[in-house]
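Heavy-atom basis, side chains included; hydrogens, waters and symmetry copies ignored. Please read these numbers as outputs of a predicted model, since none were measured by experiment.
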Amino acid sequence: MNKKKSLNIAHRGGAGLRPENTLAAFAHALDIGVDGFELDVHVAKDGTVVVFHDDALKRDLVRDADGQWLSETGPLIKDLPYPALQTYDIGRLKPGSKYGARYPEQVPQDGERIPKLADVIYLINRAGGSERLWIELKTDFLDRTQTSSPEAIAEAVIRVLKREKFLDRAVLVGFDWPALIAA
């Protein structure tokens, strides 16, 4: 009988250990020997494919350029160009928040920014391993105004994967069939 090895996949890069969907999380996951990562992608206003879970900046996860926690849900990812997204720190969970209580073992990494999908691929390639990516195409099928269109996100992600020669090591996933069909 031919038994296949179970894969150890770091969800959001290992959100229980490091801030979700950050380069710090992905680097730590590589250090502990995962087989790959699940991550979430959006398309910023300038067409950059970025790694972030929610449609908008999350107040329990995001601090502004002055280090202050967002008082309410921030702008939509699709409405900000990549340089504007880089002004936000996502390296620590807000103390006392319900979301922060969910991950009591998470080690803060102040100064972490929203990475590009290409940055995550570079990190994997630099490490020299054979890790794979499970890329969730984040589109909002209930309210199309909240995210990039399914076709736009699929096209942008495929473009990055081809450019970085990573297409054969990526699996696209999602809850929105038009995005997966477009891919």
Side-chain angles (χ1 to χ4, degrees), residues 7-46 48-124 126-127 131-140 142-143 146-148 153 157 173-176:
L7 298 176
N8 183 8
I9 308 302
H11 183 250
R12 299 185 198 171
L17 303 173
R18 299 291 185 276
E20 69 179 47
N21 284 323
T22 63
L23 291 178
F26 300 123
H28 181 259
L30 287 171
D31 288 345
I32 61 175
V34 300
D35 297 304
F37 315 127
E38 179 277 341
L39 53 79
D40 309 284
V41 294
H42 288 271
V43 177
K45 186 175 185 174
D46 59 6
T48 304
V49 179
V50 297
V51 180
F52 196 76
H53 183 268
D54 294 63
D55 299 346
L57 296 176
K58 189 175 194 167
R59 66 183 182 167
D60 290 347
L61 183 68
V62 179
R63 289 176 284 160
D64 64 20
D66 296 324
Q68 300 300 309
W69 294 102
L70 299 183
S71 58
E72 56 188 41
T73 300
L76 295 171
I77 299 294
K78 74 172 187 101
D79 291 340
L80 295 175
Y82 180 69
L85 289 168
Q86 292 302 283
T87 64
Y88 295 96
D89 188 324
I90 60 166
R92 173 182 297 269
L93 294 171
K94 185 176 184 177
S97 69
K98 187 175 180 181
Y99 194 65
R102 183 174 172 188
Y103 297 112
E105 303 297 318
Q106 190 183 93
V107 177
Q109 304 290 306
D110 292 329
E112 282 294 307
R113 305 294 185 222
I114 296 172
K116 295 184 280 187
L117 175 59
D119 295 335
V120 177
I121 294 169
Y122 175 79
L123 183 71
I124 293 170
R126 189 181 72 200
E131 293 82 10
R132 300 183 58 141
L133 291 176
W134 280 258
I135 302 169
E136 184 173 336
L137 306 177
K138 298 299 279 194
T139 56
D140 190 329
L142 296 176
D143 184 354
Q146 298 299 298
T147 60
S148 299
I153 194 164
V157 169
V173 298
F175 297 98
D176 191 358

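- Counting heavy atoms from C-beta outward, Phe52 and Val62 have side chains that approach closer than 4.5 Å.
- A distance-only check finds a donor-acceptor pair linking the side chain of Thr147 to the backbone of Asp140 [under 3.5 Å].
- With hydrogens and angles disregarded, a donor-acceptor distance shorter than 3.5 Å links the side chain of His42 to the backbone of Asp54.
- Within the model, atoms CZ of Arg92 and CD of Gln109 stand 9.5 Å from one another, a figure rounded to the nearest 0.5 Å.
- Of all heavy-atom pairs spanning Thr73 and Ala56, the tightest one is CG2-CB, 3.5 Å.
- With contacts defined as side-chain heavy-atom distances shorter than 4.5 Å, the pair Val51/Lys116 does not qualify.
- Other residues, nucleotides and ligands contribute more than 12 heavy atoms inside 6.0 Å of the OH atom of Tyr99.
- Of the possible polar contacts, none joining the Asp35 side chain to the Glu131 backbone as a donor-acceptor pair under 3.5 Å is found.
- You'll find the side chain of Ile153 stays beyond 4.5 Å of the side chain of Val49, heavy atoms only.
- Taking each heavy atom of Ala29 and Ala10 in turn, the nearest pair found is CB-CB, 3.8 Å.
- Distance CZ/Arg132 to CG/Leu7: 8.0 Å, rounded to 0.5 Å.
- Residue Leu23 holds its CG atom at 5.5 Å from CG of Asp119, rounded to the nearest 0.5 Å.
- Counting heavy-atom neighbours within 6.0 Å of Lys94 NZ, excluding the residue itself, gives a total above 12.
- Within a 6.0 Å radius of OH in Tyr122, no more than 12 heavy atoms belonging to other residues, nucleotides or ligands are found.
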>> Leu133 vs Val120, test: side-chain contact (heavy atoms from CB on, under 4.5 Å). Steps then yes/no.
In response: CA-CA 9 Å; Leu133 291 176; Val120 177; 4.2 Å; yes
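- The two residues Ala44 and Leu80 come nearest to each other via the heavy atoms CB-O, 3.3 Å.
- Proximity of a side-chain donor or acceptor of Gln86 to a complementary backbone N or O of Ile114 within less than 3.5 Å is detected.
- With values rounded to the nearest 0.5 angstrom, His11 atom NE2 is found 13.0 Å from Trp134 atom CH2.
- Taking the side chain as every heavy atom from C-beta outward, Leu57 and Ile77 approach each other to under 4.5 Å.
- Closest of all the heavy-atom pairs between Pro19 and Ala25 is O-CB, 3.2 Å.
- Taking a cutoff of 4.0 Å between a charged side-chain nitrogen and a carboxylate oxygen, Lys45 and Asp79 do not qualify as a salt bridge.
- Side-chain atoms of Phe26 and Val34, non-hydrogen and from C-beta on, never get closer than 4.5 Å to each other.
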>> Asp40 vs Leu137, test: side-chain contact (heavy atoms from CB on, under 4.5 Å). Steps then yes/no.
In response: CA-CA 6 Å; Asp40 309 284; Leu137 306 177; over 6 Å; no
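- Contact annotation: the side chain of Phe37 never approaches that of Ile9 to less than 4.5 Å [non-hydrogen atoms, C-beta and beyond].
- Closest of all the heavy-atom pairs between Gly67 and Arg63 is O-CD, 3.5 Å.
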> Step by step, would you call Leu117 with Val50 a side-chain contact (heavy atoms from CB on, under 4.5 Å)?
Replying inline: CA-CA 6 Å; Leu117 175 59; Val50 297; over 6 Å; no
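- In summary, Asp176 and Lys138 do not engage in a salt bridge, as defined by a charged side-chain N under 4.0 Å from a carboxylate O.
- Listed for the Gln146 side chain is no donor-acceptor partner under 3.5 Å among the backbone atoms of Asp55.
- Listed for the Glu72 side chain is no donor-acceptor partner under 3.5 Å among the backbone atoms of Arg59.
- Taking CD from Glu112 and CD from Glu20, the interatomic distance works out to 12.5 Å, rounded to the nearest 0.5 Å.
- Side-chain N or O atoms of Gln106 include one that pairs as donor or acceptor with a backbone N or O of Ala15 at under 3.5 Å.
- In terms of heavy-atom proximity, Thr139 sits nearest to Ser148 at CG2-O, 3.9 Å.
- No donor-acceptor distance shorter than 3.5 angstrom exists from the side chain of Asp66 to the backbone of Gln68, with no hydrogens or angles considered.
- Asp89 places a side-chain N or O within 3.5 Å of a backbone atom of Gly91 that can act as its donor or acceptor partner.
- In this structure, CD on Glu38 lies 10.0 Å from CD1 on Ile135, to the nearest 0.5 angstrom.
- Using a 4.5 Å heavy-atom cutoff, the side chains of Leu85 and Thr48 are not in contact.
- Inter-residue side-chain proximity for Tyr88 and Leu70 is flagged as met; some heavy-atom pair is nearer than 4.5 Å.
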